[in-house]
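Just below is one structure, and these are the notes that go with it.
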Amino acid sequence: NTWFLLLLLCLGFPPSVATCPPYCLCASDIISCSGRNLSVVPFDLPSYATRLDLSHNALSALPMDWIPQLFDRLATLVLSRNSISRIEVNAFAVTPHLFHLDLSSNELTVLNLSIFTGLAELKELLLFDNQIVQINPGVFRDLHNLQRLYLSRNRLTDFPLGLYWEAGGPRNLTFLDLSYNRLSKVPVQSLLSLPHQGGIYLQENPLVCDCALLALLEYWMWKQYRPLVDFRGEYPCGDDSGPGPICNQQGVLDMPLEAQTYQEEPGKWLRVPCPGLASSTQEGLVVFWVTPRTVVNSSTNDPSAHFIVLPNGTLEIQGALMEDSGTYWCVAARRRHYNPYESMEVNVVVGNLSAATTSGLAHRSGTEHFNTAFTTLASCVVSIILVLLYLYLTPCRCRESRGGSRGCGGRAIILCSDPREVESGQRRSNGKRVAFLEPQAEDSDIGGPKTPVMNLGHVTTEGILKNGSRTVGQTLTDPAHIA
Ligand SMILES: *[C@@H]1O[C@H](CO)[C@@H](O)[C@H](O)[C@H]1NC(C)=O
Ligand SMILES: *[C@@H]1O[C@H](CO)[C@@H](O)[C@H](O)[C@H]1NC(C)=O
Ligand SMILES: *[C@@H]1O[C@H](CO)[C@@H](O)[C@H](O)[C@H]1NC(C)=O
Ligand SMILES: *[C@@H]1O[C@H](CO)[C@@H](O)[C@H](O)[C@H]1NC(C)=O
Ligand SMILES: *[C@@H]1O[C@H](CO)[C@@H](O)[C@H](O)[C@H]1NC(C)=O
Ligand SMILES: *[C@@H]1O[C@H](CO)[C@@H](O)[C@H](O)[C@H]1NC(C)=O
């Protein structure tokens, strides 16, 4: 063995010696060098670390070789509370498996192209409390898996929409914090078309309340998205403030909003009124329609377009296609407090009218919940049958000597843990076993033992069916599930 070790040493494979720098704390794979006034990263950090904490130091730049060797197990890198203002291109190529990167409370001002190159597995990026004014195109290009991005407390004046559209960018960004920035306008129409718009935080920005923003905020509120539920008071367009009378609608219907279904055959045109809006045409009204494939608004006036929003908010579909079927939302400033169970949505069904009635109603989440309810029902029925089969078929040997009339094939069905105990006949009534005892009188019925099976099964099935239908009814109007 010693020879083998020596051989390894000679060949240049010294067994790696895990050393922890004296000014760091190491706990197996966690290395903390926090609060040490470091202006450069220590050179001799063990590379087996999965978590490296360099926060509260005096780092001012991350050059390309800020760590000398590859840290390919590093999942978490904390660089918060330094003075980092410069990150060189490919600086994170040495940490390709990072999952969480914390650059908060630094002095970043401009995010340049390629500074995050190679972080294909990154899920969480913390950039809050910097002085970021500019995000150059393509910065997030390699971050395919990014899910949470914190850009709060910076100096952004433009919504970083490129984040969502750029090729190679995050495809699954579910959380974007832009609070405490300098945004005065947001691209309402683009935001309405994002798949994960429910996780965009915009509070504490100097947003100008106009009809479009008001419509967006009302829609998000109705959808019960977390940013609006948690920070409603920190958004503009409150009860008193507002864009003036221009989007206050005189003729708003004060009726409860209910989901409506509109059906049309392919190729025909279809008009879908906006729920909750009055019929009279209003100048300056901004109405967005979120359709399954696109978002359109009332200020687009191309009369040859497939979707047209008429001045009174009604959506006109010209030459309806089968693919137009689905759930539509009319987003407009209605200036009303929504009951979350009210429905702003409209179901559009394009296709065979008779087939439509069946396929149109079970849509989206409704279908899922119905399926869930049905699966639950089916598994309950199966369980009940199995339990009853078990009860009936468990081989309880019975005492034949007790007389022929109380035989085993007959009326006493006993779930017994230990047949010998039953056989002894002494502890049959101590309450520790389940027993179904039928009256002797029913002996003559054909298939007598099966009767309770049917009854029990029937009653339970009915109960579950009721539950199931209630679930479906709820989810159709429950906004938390529609998102
Ligand atoms: C931190 O280090 C710098 C030099 O790198 C030194 O001037 C400063 O006094 C140190 N601060 C503290 C709190 O040790
Ligand atoms: C981006 O580039 C500019 C100009 O080259 C530089 O001043 C700035 O520090 C760079 N930003 C980062 C985060 O490296
Ligand atoms: C997006 O995230 C969800 C869970 O958050 C995950 O199940 C899904 O696979 C992800 N999609 C992609 C394309 O990464
Ligand atoms: C309405 O749609 C047009 C064309 O898609 C777009 O240019 C415009 O910005 C939209 N209006 C608003 C208020 O978003
Ligand atoms: C909206 O206007 C169109 C034509 O201008 C009209 O046909 C339609 O009935 C109106 N919608 C409502 C809800 O009144
Ligand atoms: C619609 O379906 C019915 C049967 O469900 C069929 O008889 C009829 O021809 C269909 N119509 C069209 C336009 O496909």
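Note: hydrogens, waters and symmetry copies are ignored here, and every other heavy atom, side chains too, is used. Please read all numbers here as calculations on a predicted model, not as lab measurements. In this chain, residues are counted from 1 in sequence order. As the structure lists them, so they are numbered: ligands from 1, and atoms in each ligand from 1.
Atom CG of Leu173 is separated from atom CZ of Phe140 by 9.0 Å, given to the nearest 0.5 angstrom.
Considering each of Leu103, Ile132, Asn112, Val110, the one bringing a non-hydrogen atom nearest atom 6 (C) of ligand 2 is Asn112.
Under the 3.5 Å distance criterion, the side-chain polar atoms of His196 are left unmatched by any main-chain donor or acceptor of Phe175. The backbone N or O of Leu108 lies less than 3.5 Å from no partner atom in the side chain of Asn106, so there is not a single donor-acceptor pair.
Heavy-atom proximity to Leu108, at under 4.0 Å, picks out these atoms of ligand 2: 13 (C). Close approach of ligand 5 to Arg271 (heavy-atom distance below 4.0 Å) involves ligand atoms 3 (C), 4 (C), 6 (C), 7 (O). Near Thr314, meaning under 4.0 Å from any of its heavy atoms, are these atoms of ligand 5: 1 (C), 10 (C), 11 (N), 12 (C), 13 (C). Shown in contact with Asn37 at under 4.0 Å from a heavy atom are these atoms of ligand 1, numbered in order with element: 1 (C), 2 (O), 3 (C), 8 (C), 10 (C), 11 (N), 12 (C), 14 (O).
Using a 4.0 Å cut-off between a side-chain N of Lys or Arg and a carboxylate O of Asp or Glu, Asp129 and Arg81 do not qualify as a salt bridge.
Within the structure, the closest approach of Ile87 to ligand 2 falls below 4.0 Å when heavy atoms are considered.
Residues Glu316 and Trp269 bring no donor and acceptor atom of their side chains to less than 3.5 Å of each other.
The aromatic rings of Phe92 and Phe116 sit parallel to each other, their planes meeting at less than 30°, with 60° as the upper class boundary.
Protein non-hydrogen atoms do not reach within 4.0 Å of atom 9 (O) of ligand 1.
Nearest protein neighbour of atom 5 (O) of ligand 1, counting heavy atoms only, is Ser39 OG, 4.5 Å.
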